[in-house]
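Residue numbering restarts at 1 for every chain, and letters A, B, ... go by the order of the sequence lines.
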Amino acid sequence: MFKEYKNLEIDKITNEIRCFWEKNKIFEKSIIYRNNKKLYVFYEGPPSANGSPGIHHILSRTIKDIFCRYNTLKGQKVTRKAGWDTHGLPVELVVETKLGITKKDIGKKISIYTFNKKCKEAVMRYSNEWNKLSKHLGYWIYLDKPYFTFKTKYIETIWWLLKNIYKKKILYKGYKIQPYSPAAGTGLSSHELNIPGAYKKKSDLTIIVQFKSKKNTLPKKLKKINGDIYLLSWTTTPWTLPSNTALTVGINIDYVVISTYNPYSFSKINIILAKKLIKKVLYKNFFPVSNEKELKEIKQNKIPYLVLNVFKGETLIGSCYEQLIDWFLPYKNKEKAFKIISGNIVNKKIGTGIVHISPTFGEEDFFLSKKNGIPPMLILDKNKIPIPLVDMEGKFIKETPYGFSGKFVKNEYYSYDKRPDKSVDLEIALFLKKLNKVFKIEKYIHSYPHCWRTQKPILYYPLDSWFIKTTSLKKEMLYLNQFINWKPKSTGKKKFGYWLENITDWNLSRSRFWGIPLPIWRTKKGDEEIVIGSIEELINEIEKSVKEGFMSYNPFKNFIIGNMSEKNYNSIDLHKHNLDNIILLSKYKKPMIRESDIIDVWFDSGAMPYAQLHYPFENQFLIDKKKFFPADFICEGVDQTRGWFFTLHTISCILFNSISFKNVISNGLVLDKTGKKMSKSRGNTINPFEIIKKYGPDTIRWYFISNSSPWGNIKFNIEKIENIKKKLFGTLYNVYSFFAIYANIDNFKYKEKEIKLKNRPTIDKWILSELNTLIKKTYNNYNNYEPTKVARKIEVFVIDNLSNWYIRLSRRRFWKGNYTNNKISAYQTLYTCLLTIYKISSPIAPFFMDNFYKNLKNTLEPFESVHLSYYPKYNISTIDKNLELKMSIAKDITSMIFSLRKKEKIKVRQPLKRALILINNFPPKKNFIINIIKKEVNIKHIKFLSNKKMYNFTKKTIKINYKLLGPKFGKNINLINSLISKLNKKEIKNIENVYFFIIKIHDHKICLSKKDVYILTEYMQGWSAICYNGITVALDTNISEDLKKEGLSRELINKIQNIRKYYKYKITDKILLYIETSKFLEKIIKNNKKHICEETLTSELILIKNLKYGIFLYIENKKFKIFLKRNL
RNA sequence: AGUCUCGUAGCUCAGUUGGUUAGAGCGCUACACUGAUAAUGUAGAGGUCCGCGGUUCAAAUCCGCGCGAGACUACCA
């Protein structure tokens, strides 16, 4: 027996299947059973469990699950290990808040040990939520032995990787300009700048200053100009001007030399600025003139200017200028300073098009100057250590002249009572004005980052950091990127590609506490250093140090080298609180202390392919033999492009000269119904658990996948989910129920031999052809990582082809007649369709499909679960495109006849005599189609007519094929079209009968082929007709007396069936039928009695004059009485 | 501010290398059909293909400039 249902309870099914999976370890089996099969490698991007999962995690986890399940179906072994990202600032901030402390207090008020302990506790606080999400969503992943980034084994791999990066000589210590809060005395991470509210509108004093060019270094063109030439440059941070060492121009930007006057001193000057910005810089008091004469007069403070020359920025590159404020000179390479360099940072819309560069206080400035060999403005302090002109409290250094010494560069850094009237920026402006070096002073409002703790503006400040020299690997990384299949392509090519193009060295350092410590020890002077690559190495080094007396004992002496047991590894902790106490011995017997920073958490996650395996200490072959590397597939949100995707790629490129993932889907965001981002502050977030509970995981999964491509943003709309539940799952349920009811009645169990395709009725051949086409298409789309196309194709098949067409047409075969081959064929066909649908849909809707699969499984299909079965193979010989085409024409014709009936107001129950159909080039063998149409639309005769016969009834129109003729005739195409469209019916007919014909344009003869035009037959005179898609259908609307009676008899059948249904009789129940007789009814019944009895399973139909019991019915407004009862 | 993605019916989305009159589903209105169906069919209403300009015989599609939404990066001086 096939299981029958009373109604569809998705919730119940889901729970049952979930229990079934757990109890029978289906997930485990799906891996074990494929033990000797090829591996499909999937990497789980580790989530951080210190926040609870949101609705968007449903999206990415659904996609991940789909491809893991699909590839299992394909017969591959798909292991997937869960992992947790455990380190990082967000955790630390949570703990800080909880303990009511700030960064300064760590190591003072509270020990690093305690702090780290608290972090470790805090990090997993939502892990239960995450596991619950996996479970409820049906996301299959090994939760039992996940990798944790804080575990000793994980850390050991990271160290090994870092040591090998060091060996490649691309790990170095250097300066980086970083956001820094002088008020708080700490550097800030970019994360902290992204805290909402960090960017605030700030009003700054901006000035345009005049850098005097060294004329002999200018291009020839400009040397000829009389007088000094100044480069105008704009800045919002005048306090950085003493640190200026270069100017930047855009090579493709047009610049001009202008002769004019300084608006403050009215001295005559030549200035250089971007052509496009003339109007913005020289507005209000300035006016353009066209010759030297006019330039001479300043009228009522109106200043004339004359454009002398236009040139590309490129020509300025390498030219020099005089230092603007000559208080200091760079301690190193000063001869290379004060040059014009090129850079793409030049904004064409604001400023002057010439950017002032202070490498010590701007990140872009820093990189650009480094690239161009420009020295930063660093001077040597009394200890001969290079320092910038502003100290770490945000003050000008002592040595600064003209009263600037010790002044805060931002007024906000003073306490309120001590804040001076004039800010440093203003003082610098006035100082330069006196020297006649200022062209303009203005206020400017822009958004500027502020320290989230002190609410004061941050500075960009050079700080010590460890870097990986990723810039040196740019080529390799770009090259290897070509071999990654990105979904969508643009993320890989553009977003990721551009990012690689503009790659900067990877800053690994974080001056925080909860993370993997840098395994680097250095002497005080920094002349000797060691990078530790394993615990063994560390222990050995400690031993040396103990011998020399730098350390009193070895804190890790209980660790057994070479013992890979969890117990051994859990016995030691490699976090900062332990490592900072370790002092190592240098080659020249000097003490070395650890570089105090921890490693960027992104390195943790990017190292996950190796660290999850404890490579190379264990599982070495899995990576080296490329068994578990690179991944076949990863998937995360598009925001990970510069996050996880990047770090994975970088590490594998550096160390393994390989990509680390072959296919990647970067999914979009989940927005609310109106397209707004979901956020707690907006209050439009959706609880993933509630939504899963309410609609079921399959429905949600299907919704996410079918609604739009996963890489687009999805607007989360509950109504659509409802629709999927009703339409797809409802229909599938109904098709199954239909099958189960009748299969059980006929005791069909798929025990009979499979009926050969050639012996099946055409309708079965058709649906099997469509089914195989579907398998083929879904197979390709899965392989191309296009889940949306898969889901949509399945929807069309299930709803349109299988339910609304195949079953509708085949209905009678299931419930009428004996258990013949025809009937068996119907069962076998429907069975195959259902089983196939369950399999190909199971990656997307794993619960629902498994449930129904299990109901159908039999000796032919022995698998315990659909997820242990195999993806169906499509059979090319079953696909009959011609048949599919014919059927789609039949559908069209049916629709058209319904449409005509509606127009003529003739019910479908009323049989009609005939319909005529005109269609060009209809494939042969029409009978099958004719029979379907006849039954569907209740018409006795369907006739396909040839063109010739129809000639008199039709109107012909002709149109040209633009696609073919357009390229041939270009502009003349419209002329040809007007000529062609004027052809009369006879001429068109002539064209139909030939292959080529000739038309005349302006005495030119043009030869056209029949393919160059479309001929449409549109209309039939005197008939009720309709035309669509090149098909014309005409309906004979005359109703004879006999047809009328037949129609009425059908009306009667319908009424009886409704009563049976109302009485809840079984479909197989036979009945006795009593009808109160009348002339009207006798007329109806007379010729159709047999048919009526057959249709309604009436064993006896009795006409009685006076019927005591019964119900009243109406046909055509005539009242009569009827009584029926079960014939037991 | 820059970069990237997106913008097609009230809603969600298709729309092939540019080519005849831009489509589907949901929703709305009316009618029909139904012994699996909470379905389905037919008809109707509903479009400045975000706007402007360009290339072309021909643009929703290609290019440029805007506008709007989102992400990423952000003192991009």
Give a yes-or-no answer on whether the side chains of [X] and [Y] include a donor-acceptor pair shorter than 3.5 Å.
X	Y	value
A/T360	A/S358	no
A/E636	A/N667	no
A/Y321	A/N244	yes
A/N801	A/K891	yes
A/Y5	A/N734	no
A/T206	A/W234	yes

Rounded off to whole Å, could you give me the [atom1]-to-[atom2] distance for the [X] and [N] pair?
X	N	atom1	atom2	answer
A/K3	B/A36	NZ	C1'	18 Å
A/I700	B/U12	CD1	P	17 Å
A/Y498	B/C72	OH	C1'	15 Å
A/I714	B/C11	CD1	C1'	14 Å
A/N734	B/U34	CG	C1'	13 Å
A/R1050	B/U34	CZ	C1'	13 Å
A/N667	B/C4	CG	C1'	16 Å
A/I724	B/C26	CD1	P	13 Å

Measuring to OP1 and OP2 of [N], would you say a side-chain N or O of [X] lies under 4.0 angstrom away?
X	N	result
A/Y742	B/A36	yes
A/K726	B/A39	yes
A/R909	B/A32	no
A/T236	B/A77	no
A/K494	B/U5	yes

I'd like the [atom1] distance from [M] over to [N], given in whole Å.
N	M	atom1	value
B/A9	B/A45	C1'	11 Å
B/A43	B/A38	P	23 Å
B/C28	B/G46	C1'	10 Å

Pairwise 5' ranking along RNA chain B for A/K789 and A/G730, keeping only the more 5' one: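 The residue whose closest nucleotide sits nearer the 5' end is A/K789.
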
Across the strands shown, which category fits [X] at heavy-atom distances under 4.0 angstrom: base, sugar-phosphate, nothing?
X	answer
A/R792	sugar-phosphate
A/S490	sugar-phosphate
A/S737	nothing
A/I354	base
A/L1097	nothing
A/N1054	sugar-phosphate

Base of B/C11 paired with side chain of A/K720 (donor-acceptor, under 3.5 Å):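 Indeed, a donor on one side and an acceptor on the other fall under 3.5 Å apart.
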
Short N/O separations, protein against nucleotides 40-43 of chain B, under 3.5 angstrom:
{"from": "B/U40", "atom 1": "O2'", "to": "A/R808", "atom 2": "NH1", "distance (Å)": "3.2"}
{"from": "B/U42", "atom 1": "OP1", "to": "A/S895", "atom 2": "OG", "distance (Å)": "2.9"}

Aromatic contact, A/F748 with A/Y742 (centres under 6.0 Å):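 They do not qualify: ring centres at least 6.0 Å apart.
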
Under 3.5 Å on both distances, the Watson-Crick or G-U partner of B/C33: none

A/F211 and A/H356 aromatic ring geometry - parallel, tilted or perpendicular at 30°/60° bounds: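 Correct class here is parallel.
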
Parallel, tilted or perpendicular: rings of A/Y827 and A/F814 (30°, 60°): perpendicular

